[in-house]
Visitor: 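Take this structure, written in structure tokens, and hold onto it; I'll ask about it next.
Since the model is a prediction, treat every value here as computed from it, not as a measurement.
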Amino acid sequence: MGFFKKIEKVFTTSENFNLMERTEIDIQIEENIKKAGIDKFAISDYGDLYLRVNELGGFLILETIIVSATNLKSKKGSVLTFIRAKNILKLESDEHIIESDFSKGAKKAMTKIDYNISVEEADAFREKKYEEVRLKINGNEILFSVLNS
């Protein structure tokens, strides 16, 4: 697939998401999320992706928070794909029902989604530097660019 076809595909699949206008509120949101021990991992014109690997009841999970201008809802779950050259790590959400907490005042939605991961995936995730992340929800997709990791 050529470069322009990829760009066209991203714009057509992202058209159902609102562009996120960056404001001072984003800095405050980011600081609050960092206080919980979750770091910003990737950014997009449509939102920011925060994540961390955590252990819960003996199981490893990838905790994610998406801060966006779009109120995300799904009854079918989501898929999060990490990509680096030919290395792909594809994760399906732990829960099928996903719903954002939307603040009308801040005009931001916070969506928490957990993904079950194996020890091998956690190790690979911790060691590899990914270039992009794709969040697929309700047939739509957001492409995130990974920050220097």
Side-chain angles (χ1 to χ4, degrees), residues 1 3-84 88-118 121-122 125-126 128-149:
M1 183 182 284
F3 174 75
F4 291 109
K5 293 234 185 242
K6 285 183 182 178
I7 294 296
E8 183 178 311
K9 182 179 178 188
V10 168
F11 284 130
T12 57
T13 59
S14 298
E15 66 189 14
N16 292 325
F17 297 102
N18 299 322
L19 287 171
M20 189 168 92
E21 183 180 326
R22 310 280 177 193
T23 64
E24 293 174 11
I25 293 172
D26 294 311
I27 295 169
Q28 188 176 30
I29 291 170
E30 183 172 352
E31 287 181 19
N32 288 338
I33 294 172
K34 280 185 178 181
K35 285 179 186 176
I38 303 175
D39 294 319
K40 186 186 288 190
F41 185 79
I43 59 172
S44 166
D45 290 339
Y46 303 96
D48 295 333
L49 174 66
Y50 298 82
L51 56 83
R52 75 173 166 192
V53 173
N54 201 1
E55 185 178 338
L56 217 87
F59 295 97
L60 290 175
I61 61 168
L62 181 67
E63 295 178 301
T64 68
I65 298 175
I66 297 121
V67 177
S68 66
T70 304
N71 193 6
L72 301 175
K73 290 184 179 183
S74 176
K75 293 182 181 179
K76 299 178 182 178
S78 68
V79 176
L80 196 61
T81 307
F82 295 88
I83 303 166
R84 178 180 178 221
I88 296 176
L89 175 59
K90 189 174 184 177
L91 305 172
E92 292 188 22
S93 61
D94 183 32
E95 296 286 327
H96 292 290
I97 297 175
I98 296 169
E99 190 168 348
S100 299
D101 292 323
F102 191 79
S103 169
K104 289 182 182 179
K107 297 181 183 174
K108 303 286 187 223
M110 287 184 55
T111 311
K112 297 177 183 179
I113 307 172
D114 293 337
Y115 300 87
N116 289 325
I117 56 175
S118 67
E121 289 170 333
F125 177 76
R126 289 179 180 135
K128 293 183 181 177
K129 293 182 180 179
Y130 293 98
E131 296 165 353
E132 64 183 40
V133 182
R134 294 177 184 266
L135 171 70
K136 189 169 185 178
I137 187 167
N138 292 332
N140 298 303
E141 190 172 83
I142 298 177
L143 174 64
F144 292 94
S145 297
V146 174
L147 298 171
N148 295 332
S149 51

Visitor: Search all heavy atoms of S44 against all heavy atoms of I142 and return the closest pair with its distance.
Guide: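 Residues S44 and I142, closest heavy atoms: OG-CG2, 3.5 Å.
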Visitor: Which heavy atom of A109 sits nearest a heavy atom of N71, and at what distance?
Guide: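 Shortest heavy-atom separation between A109 and N71 comes out as CB-CA, 4.0 Å.
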Visitor: To the nearest 0.5 angstrom, please state how far the CD1 atom of I66 sits from the NZ atom of K108.
Guide: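 Rounded to the nearest 0.5 Å, the CD1-NZ separation comes out at 14.5 Å.
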Visitor: Would you mind telling me which of I43, T81, L49 makes a side chain to side chain contact (heavy atoms under 4.5 Å, CB included) with V133?
Guide: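 Going through I43, T81, L49 one by one, the side chain to side chain contact (heavy atoms under 4.5 Å, CB included) with V133 is satisfied by L49 alone.
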Visitor: Rounded to the nearest 0.5 Å, how far apart are NZ of K75 and CG of N138?
Guide: 10.5 Å
Visitor: Using 30° and 60° as the class limits, which term best fits the ring planes of F82 and F41: parallel, tilted or perpendicular?
Guide: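 Taking F41 first and then F82, their aromatic rings stand perpendicular (interplane angle over 60°).
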Visitor: For N116 versus L91, what's the shortest heavy-atom pair and its separation?
Guide: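 Smallest interatomic distance, heavy atoms only, reads O-CD2, 4.3 Å.
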Visitor: What distance do I25 atom CD1 and S103 atom OG have between them, rounded to the nearest 0.5 Å?
Guide: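 One finds 7.0 Å between CD1 of I25 and OG of S103.
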Visitor: Can a salt bridge be assigned to the pair E63 and K112 using a cut-off of 4.0 Å between side-chain N and carboxylate O?
Guide: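 Salt bridge absent between E63 and K112.
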Visitor: Can you find a heavy atom in the side chain of L143 that is under 4.5 Å from one in the side chain of E132?
Guide: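 Answer yes - side chains close enough.
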Visitor: Please confirm whether the backbone N or O of E95 pairs with a side-chain atom of S93, one donor and one acceptor, at under 3.5 Å?
Guide: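 At least one qualifying donor-acceptor pair exists.
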Visitor: Apply side-chain contact (heavy atoms from CB on, under 4.5 Å) to the pair L147 and K40, showing each step before the final yes or no.
Guide: CA-CA 8 Å; L147 298 171; K40 186 186 288 190; 3.5 Å; yes
Visitor: Compare every heavy atom of F144 with every heavy atom of G47, then report the nearest pair and how far apart it is.
Guide: O-CE2, 3.5 Å
Visitor: Contact between L62 and D114 at the side-chain level, heavy atoms closer than 4.5 Å - yes or no?
Guide: no
Visitor: Please report the shortest heavy-atom distance between T64 and Y115, naming the atom on each side.
Guide: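 Heavy atoms of T64 and Y115 come nearest at OG1-CE1, 3.6 Å.
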Visitor: Would you give me the side-chain donor-acceptor pairs under 3.5 Å for residues 32-39, sequence neighbours excluded?
Guide:
| from | atom 1 | to | atom 2 | distance (Å) |
| --- | --- | --- | --- | --- |
| N32 | ND2 | Q28 | O | 3.4 |

Visitor: F102 and M110: side-chain contact (heavy atoms from CB on, under 4.5 Å), yes or no, with the steps?
Guide: CA-CA 6 Å; F102 191 79; M110 287 184 55; over 6 Å; no
Visitor: So which heavy atom on K76 is nearest to which on S74, and how close?
Guide: N-OG, 2.9 Å
Visitor: Please check if atom CD in E131 has more than 12 non-hydrogen atoms from other residues, nucleotides or ligands closer than 6.0 Å.
Guide: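 Yes, the 6.0 Å shell around CD holds more than 12 heavy atoms from other groups.
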Visitor: For S78 and K136, indicate whether the former's side chain and the latter's backbone hold a donor-acceptor pair under 3.5 Å.
Guide: no
Visitor: Take V53 and I117 through the test side-chain contact (heavy atoms from CB on, under 4.5 Å) and record every step on the way to the result.
Guide: CA-CA 9 Å; V53 173; I117 56 175; 4.0 Å; yes
Visitor: I need the L72 CG to L135 CG distance, nearest 0.5 Å.
Guide: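 Here the interatomic distance stands at 7.0 Å.
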Visitor: State, yes or no, whether a side-chain contact exists between T111 and I98 at a heavy-atom distance under 4.5 Å.
Guide: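 Sidechains of I98 and T111: in contact.
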Visitor: Side chains of L80 and I113: closer than 4.5 Å at any heavy-atom pair?
Guide: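 Of all side-chain heavy-atom pairs linking I113 with L80, none is under 4.5 Å.
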